[in-house]
Protein chains: 2
Amino acid sequence: MPKTTENPYVVQPVMKALKVLELVARHGHEIALTAVSKELRIPKTTTFRYLQTLTAAKFLDHNRATDRYTLGPQMRAIARADASVSKIRTLARPAMTELMHEFNETVNLAVKGNGTIVYIDLIEANRSLRMQARIGDSHPMHSTALGKAILAFLPEAERQRQLDLPLTERTGRTLLEREEIERQLRQVARTGYATEMGENEDGAMCIGAPILDENGYPVAALSISAPLMRMPHSLAAKAGARLREIAAGISARLGSQPAAAG
Amino acid sequence: MPKTTENPYVVQPVMKALKVLELVARHGHEIALTAVSKELRIPKTTTFRYLQTLTAAKFLDHNRATDRYTLGPQMRAIARADASVSKIRTLARPAMTELMHEFNETVNLAVKGNGTIVYIDLIEANRSLRMQARIGDSHPMHSTALGKAILAFLPEAERQRQLDLPLTERTGRTLLEREEIERQLRQVARTGYATEMGENEDGAMCIGAPILDENGYPVAALSISAPLMRMPHSLAAKAGARLREIAAGISARLGSQPAAAG
DNA sequence: CATCGAATTCCGCAACACGAAACCCGTGTT
DNA sequence: AACACGGGTTTCGTGTTGCGGAATTCGATG
């Protein structure tokens, strides 16, 4: 009876906690428990629990000195990540179209997820036999050119943590040897682009270059994917150089300083 | 056993829903129910409910065509609001210090809340008798110079909605007549600053000017408050002009076009 | 038409969120 | 100093309501 609003699937505690989150966020500055409770007409105890939970999840911050709550780091991180992704997508789109026309192969854009890369955009070549990924798909880092491009530019500690995770074998050619992977990554760091030959999908290959943010952190990568048979070494090298160039251009517009070579 | 982590006050549904929110947000693009469920190891039914709830609260968006979820408008709105507030605070701070020294009275910065103004910063004059508000305090719109400055520049529809609400009487001098208030607001719109004399706090007065965002919307206001006895008309006029000037400068840096006079 | 995977709905159970009230603590008051 | 007050924290018994397994529908795909 209290809220037979419509959707029988809404979970009340969650809904109310989101209202609390919203109120605190929109308040613009520190707000105290009682104020939230009064404003939202939610009993003090319950409000207290929500504030605790939201704080524990870092969505809110609790100023112990004043006993008041503010927007937390998690919210800001999410907001930044979101803004960053849309910015990357916007910046990359024209270059992707251009690349697709230049090589007449599918061009992909992916961001670094947690241990994976996630496709956030792609422009398909207009050919009958073409490489298919779908926006939103996740793929392992170590078996894709996109992932390898990102891995190669990750800070050492994070790269190691990444490679410590179990590496899934996607095809018979997927690299699984730590040594071999690290050798390749050093190579990628030197040349500025990564290649992958049938390691993620049989018969397919991919060439990728990293996109770095203002801190030089590889937030995303750009790639061209094609059937192995259509991409001879010479062409791959040319594509790699182009990708590196274009990705660097996007990085620059994200505020990244051009990395000093060697 | 599952999560006796520490805080006995965290409510599980909320915590888990926040994890869902975070996952979807960080994913960078549309993600489907099953993917979320698998990734977070939360049963499908439960995940479904959280996604529904988050969507109902506009924290997520549900693409009916693909049956996938993305970050929703609410999150973006909160993020924008937060960024805007911190930007305003940062931009205003130096000017506020300057103003405080110039008049040797307390300078206040407030944003428009829902039917109220909320102090987000203030610089106190170093005098024994000084006006006191506290960061985070809310005051009514109609009884403060800050509020009147904002009201005067609100779009007509919103201003009317605002004035339709019951108007609390803070002191014997608080304006309560709709006619009188609207007359004053027109005056404020002309002169570019608002005054309030003992209408909010006995013996205190305040002069405020609006800060407009890139759409010309009054998101905040800047004010000088002082004991009535220390602020004769002539000084008040001078302060008003300065406030208008400085607030306009901040507005400009927020991307606002200077409003065409009359 | 059959099949599969995904999303939605159903339903019975007990976990656990709820909120009143008690408690604690720091502030300001007499 | 004692006191009341307001705000935050803790306790605790109750019954709501969130849970998740299973059944069902939906929508692609072959």
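Quick note on labels: first sequence line is chain A, next is B, and so on, each numbered from 1.
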Would you give me the side-chain donor-acceptor pairs under 3.5 Å for residues 45-52 of chain B, sequence neighbours excluded?
from: B:Thr47; atom 1: OG1; to: B:Ile42; atom 2: O; distance (Å): 3.1
from: B:Thr47; atom 1: OG1; to: B:Pro43; atom 2: O; distance (Å): 2.9
from: B:Gln52; atom 1: OE1; to: A:Asn7; atom 2: ND2; distance (Å): 2.8

- Message: If I take atom CG in residue A:Leu51 and atom P in nucleotide C:dC18, what distance separates them, rounded to the nearest angstrom?
- Response: 13 Å
- Options D:dC19, C:dT8, C:dC18, nucleotide nearest the side-chain atoms of B:Arg49: D:dC19
- Would you say a side-chain N or O of A:Tyr9 is under 4.0 Å from OP1 or OP2 of C:dT9? yes
- Message: What I want to find out is whether A:Lys58 reaches B:Glu22 closely enough, with some N-O distance under 4.0 Å, to be called a salt bridge.
- Response: no
- Task: Find the distance A:Arg64:CZ to C:dC25:P and express it as a whole number of Å.
- Result: 15 Å
- Can you list, by residue number, the residues of residues 34-45 of chain A that have a non-hydrogen atom closer than 4.0 angstrom to DNA chain D? A:Thr34, A:Lys44, A:Thr45
- Message: Using whole Å, what does the distance between atom P of nucleotide C:dA17 and atom CG of B:Asn7 come to?
- Response: 12 Å
- note: A:Gln12, atom CD; D:dG18, atom P; distance rounded to Å ~ 6 Å
- Under the side chain to side chain contact (heavy atoms under 4.5 Å, CB included) test, which residues partner A:Ala35, sequence neighbours left out? A:Ile31
- Query: Of the candidate nucleotides C:dC18, D:dC19, C:dT8, which contains the atom at the shortest distance from the side chain of B:Phe48?
  - Reply: C:dT8
- Query: Is there a donor on the side chain of A:Arg68 or the base of D:dG8 sitting less than 3.5 Å from an acceptor on the other?
  - Reply: no
- Give a yes/no on whether any side-chain N or O of B:Lys16 is located under 4.0 angstrom from OP1 or OP2 of D:dG18. no
- Query: What side-chain hydrogen bond (donor to acceptor under 3.5 Å, both in side chains) pairs are there with at least one residue in residues 71-80 of chain B, not counting sequence neighbours?
  - Reply: A:Arg26-B:Gln74, A:Asp82-B:Arg76
- Query: Just how far, in rounded Å, is P of D:dC19 from CE of B:Met15?
  - Reply: 14 Å
- Query: Of the nucleotides D:dG18, C:dT8, C:dG19, which has the atom closest to the A:Thr46 side chain?
  - Reply: C:dG19
- Message: If the threshold is 4.0 Å, N to carboxylate O, is there a salt bridge linking B:Lys148 and B:Glu196?
- Response: no
- Item | Under the salt bridge (Lys or Arg N to Asp or Glu O under 4.0 Å) test, residues paired with A:Arg93 that sit two or more places apart | A:Asp121
- Item | Nucleotide nearest B:Val11 (side chain, heavy atoms from C-beta), chosen from D:dT11, D:dG18, C:dC18 | C:dC18
- Query: Distance check: side-chain N/O of B:Tyr50 vs OP1/OP2 of D:dC19, anything under 4.0 Å?
  - Reply: yes
- Item | With A:Lys87 via side chain to side chain contact (heavy atoms under 4.5 Å, CB included) - residues at least two apart | A:Leu91, A:Leu254
